[in-house]
Amino acid sequence: KKARTFDLEAMFEQTRRTAVERSRKTLEAREKEEEMNREKELRRQNEDIEPTSSRSNVVRDCSKSSSNPVHKIPDSHEITLKHGTKTVSALDLDASGARLVTGGYDYDVKFWDFAGMDASFKAFQSLQPCECHQIKSLQYSNTGDMILVVSGSSQAKVIDRDGFEVMECIKGDQYIVDMANTKGHTAMLHTGSWHPKIKGEFMTCSNDATVRTWEVENPKKQKSVFKPRTMQGKKVIPTTCTYSRDGNLIAAACQNGSIQIWDRNLTVHPKFHYKQAHDSGTDTSCVTFSYDGNVLASRGGDDSLKLWDIRQFNKPLFSASGLPTMFPMTDCCFSPDDKLIVTGTSIQRGCGSGKLVFFERRTFQRVYEIDITDASVVRCLWHPKLNQIMVGTGNGLAKVYYDPNKSQRGAKLCVVKTQRKAKQAETLTQDYIITPHALPMFREPRQRSTRKQLEKDRLDPLKSHKPEPPVAGPGRGGRVGTHGGTLSSYIVKNIALDKTDDSNPREAILRHAKAAEDSPYWVSPAYSKTQPKTMFAQVESDDEEAKNEPEWKKRKI
């Protein structure tokens, strides 16, 4: 075998040339940067002192706003969405922030598309997925293609983005004592939540004292059952439930004032159990985890808001009172940077205005308030991607708060669009239905010009709903003439008020005898040869009749 030989001198020469070329390019780039820096310094020196001071003020303001979380609240602008006349008890945004869904006590669920709305702020779809049950909770899945609908019934539903039903949970057997042996809930639902990581898994809690997890692919039976218990081992009803941010924990608040947290894979005993978190007998309306997953906030029915550290779940970190609530679904949520906690307050009708209250997480001081409307504030949501706050109120309004500089998309898309005026001619036309596979005798001619079709529809009295003119004369087509608007007036005029004197029927018949004899038409010509001569009795006066009467018929005086 022949050994390989290398020309080392040629290799060194090639490497030296490459290094020289690279160093030359590096030096040229450095010289250009130095020249640009010198030009910038000269421009700064030529600028006046006042712009510099104003720029420094802007920098100071930015630093202040970055240090103070209150300056990050997007509340400079607002829009109002009219859901209905009753309480907006549920609302949610999808992960991208493109669509908002609201539900209320009027059984309606309405869909709002920020990109498709104009300044009229109208929902593009409205439906009643649960018939005559109040909507209690709505939540988009992580992918945004499904919505969990929890109502006052015992069966939760999942619908898609367009409102079509995907699945409905089965109802359990209410005569079985152990609720773990039934296939579904047997009493009214309270709330529900999607799993943050696993697609198709969600959770519901009900008045049957259970918290159940479900899978969309298996609506005929729940996945697992959690049964909250008191310290004595008795049943207790959960009023709200939620997943942790990583999905490993399930938290539920109960009617006896306790908060219980389970490991998602262990359904028997709770991992954490605090028995006197809120007053017993009150409905805790909301529990939610912070974005870092270490802190839990609970909104109690005892008009309080408390903060808990799940790493030391033996006492609350902070507690705030004086926050009245009258709804079993009053919300609380964390700001996107985890520095603020937001909740709403309830009021009696005509006794002030409902407020959105902001607390600082580190010190739990009330740092900011927003007066929403003259009704209770039920739902609140601070979307992390849009940096906009959604609020549902007790008078049927859904409000969106945003800042043009701090917020992204969302309400900013529909505010700039002018409201489109509907053409008057468009209201007169009907939708054209194309049936390509219909028989020729049933097939309608295809429209060629919209303008010509509008003119034809305008001339058509049926399509343009032209009022019918009054009928002149006796009447036609089942309509009475102008002399009377009712059937009774027609009868009175034509029949009841006939003044012909028919008191003597003999004279009434014989008055046509001369005309029949002069111009016979029907019967007389056929029997003219064989017809006997008609003879009528002579008319006698009353005196002659009295003379011809027998004696026994005469009246005795």
Side-chain angles (χ1 to χ4, degrees), residues 87 89-90 136-137 150 188-193 205-207 209 211 228-231 235-244 249-262 270 272-290 294-310 312-335 340-348 354-361 363-366 369 372 376-382 391-394:
T87 302
S89 56
K136 293 193 171 185
S137 176
V150 177
M188 178 184 70
L189 298 175
H190 285 292
T191 187
S193 177
C205 65
S206 168
N207 261 2
V211 177
R229 292 285 187 265
T230 62
M231 299 302 289
K235 288 183 180 180
V236 63
I237 295 175
T239 58
T240 183
C241 60
T242 186
Y243 280 102
S244 61
L249 299 178
I250 291 177
C254 305
Q255 280 187 346
N256 64 343
S258 65
I259 295 178
Q260 304 182 29
I261 301 177
W262 292 269
F272 305 104
H273 187 176
Y274 194 82
K275 60 181 180 179
Q276 292 180 349
H278 294 277
D279 292 348
S280 179
T282 60
D283 292 346
T284 303
S285 57
C286 179
V287 288
T288 181
F289 284 88
S290 61
N294 298 326
V295 176
L296 178 73
S298 62
R299 181 72 164 94
D302 54 358
D303 301 342
S304 66
L305 176 66
K306 295 185 178 181
L307 209 62
W308 309 82
D309 191 345
I310 61 173
Q312 296 178 353
F313 202 71
N314 51 9
K315 64 177 182 178
L317 294 175
F318 300 102
S319 178
S321 58
L323 302 170
T325 174
M326 295 185 295
F327 292 89
M329 63 279 298
T330 304
D331 258 342
C332 64
C333 63
F334 286 86
S335 62
L340 295 175
I341 302 169
V342 192
T343 188
T345 60
S346 301
I347 58 165
Q348 296 287 344
K355 297 181 180 180
L356 201 64
V357 186
F358 295 80
F359 292 89
E360 191 174 0
R361 173 183 168 180
T363 60
F364 218 67
Q365 292 181 353
R366 186 183 294 196
E369 290 181 356
I372 304 298
S376 302
V377 177
V378 183
R379 289 287 186 176
C380 61
L381 171 67
W382 196 335
V391 180
T393 64

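Side chains are part of it too, since the values below use all heavy atoms of this structure and drop only hydrogens, waters and symmetry mates. Small disclaimer: the values here were computed from a predicted structure and weren't measured. The first residue in the sequence is number 1, and the count goes up from there.
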Which heavy atom in [X] sits nearest to a heavy atom in [Y], and how many Å separate them?
| X | Y | answer |
| --- | --- | --- |
| Phe334 | Thr288 | CE1-O, 3.8 Å |
| Asp303 | Pro324 | OD1-CA, 3.4 Å |
| Ser346 | Val377 | OG-O, 4.4 Å |
| Arg361 | Ser290 | NH1-CB, 4.0 Å |
| Ile341 | Phe364 | CD1-CE1, 3.7 Å |

Kindly compute the distance separating [atom1] ([X]) from [atom2] ([Y]), expressed to the nearest 0.5 Å.
| X | Y | atom1 | atom2 | answer |
| --- | --- | --- | --- | --- |
| Ile261 | Phe289 | CD1 | CZ | 5.0 Å |
| Leu317 | Lys315 | CG | NZ | 8.5 Å |
| His278 | Asp302 | NE2 | CG | 6.0 Å |
| Leu307 | Asp309 | CG | CG | 8.5 Å |
| Ile372 | Leu356 | CD1 | CG | 5.0 Å |
| Lys136 | Thr191 | NZ | OG1 | 9.5 Å |

[X] vs [Y] side-chain heavy atoms within contact, under 4.5 Å:
| X | Y | answer |
| --- | --- | --- |
| Leu296 | Phe272 | no |
| Asp283 | His190 | no |
| Ser298 | Trp308 | yes |
| Thr343 | Thr325 | no |

Inset, instruction - Give the intermediate values and the outcome of side chain to side chain contact (heavy atoms under 4.5 Å, CB included) for residues Leu381 and Cys333. - result: CA-CA 7 Å; Leu381 171 67; Cys333 63; 5.7 Å; no

Inset, instruction - Would you please classify the geometry between the Tyr274 ring and the Phe313 ring as parallel, tilted or perpendicular, with 30° and 60° separating the classes? - result: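 It falls in the perpendicular class, over 60°.
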
Inset, instruction - Check salt bridge (charged side-chain N to carboxylate O under 4.0 Å, His left out) between Arg379 and all other residues, then give those that pass, not counting sequence neighbours. - result: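 If we apply the salt bridge (charged side-chain N to carboxylate O under 4.0 Å, His left out) test to Arg379, skipping adjacent residues, the hits are Asp331.
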
Pairs of donor and acceptor atoms involving the side chains of residues 250-260, under 3.5 Å and at least two apart or interchain, shall be tabulated with distances.
unit_1	atom_1	unit_2	atom_2	d
Asn256	OD1	Ser258	N	3.3
Asn256	OD1	Ser258	OG	2.8
Gln260	NE2	Arg229	O	3.0

Does any N or O in the side chain of [X] come within less than 3.5 Å of the main-chain N or O of [Y], such that one atom is a donor and the other an acceptor?
| X | Y | result |
| --- | --- | --- |
| Thr239 | Thr284 | yes |
| Ser193 | Thr242 | no |
| Ser304 | Ala320 | no |

Legend entry - Modelled atom types, side-chain donor and acceptor of Arg299 and Thr330, under 3.5 Å: no

Inset, instruction - I would like to know whether Ser285 and Phe327 meet side chain to side chain contact (heavy atoms under 4.5 Å, CB included); could you show each step before the answer? - result: CA-CA 8 Å; Ser285 57; Phe327 292 89; over 6 Å; no

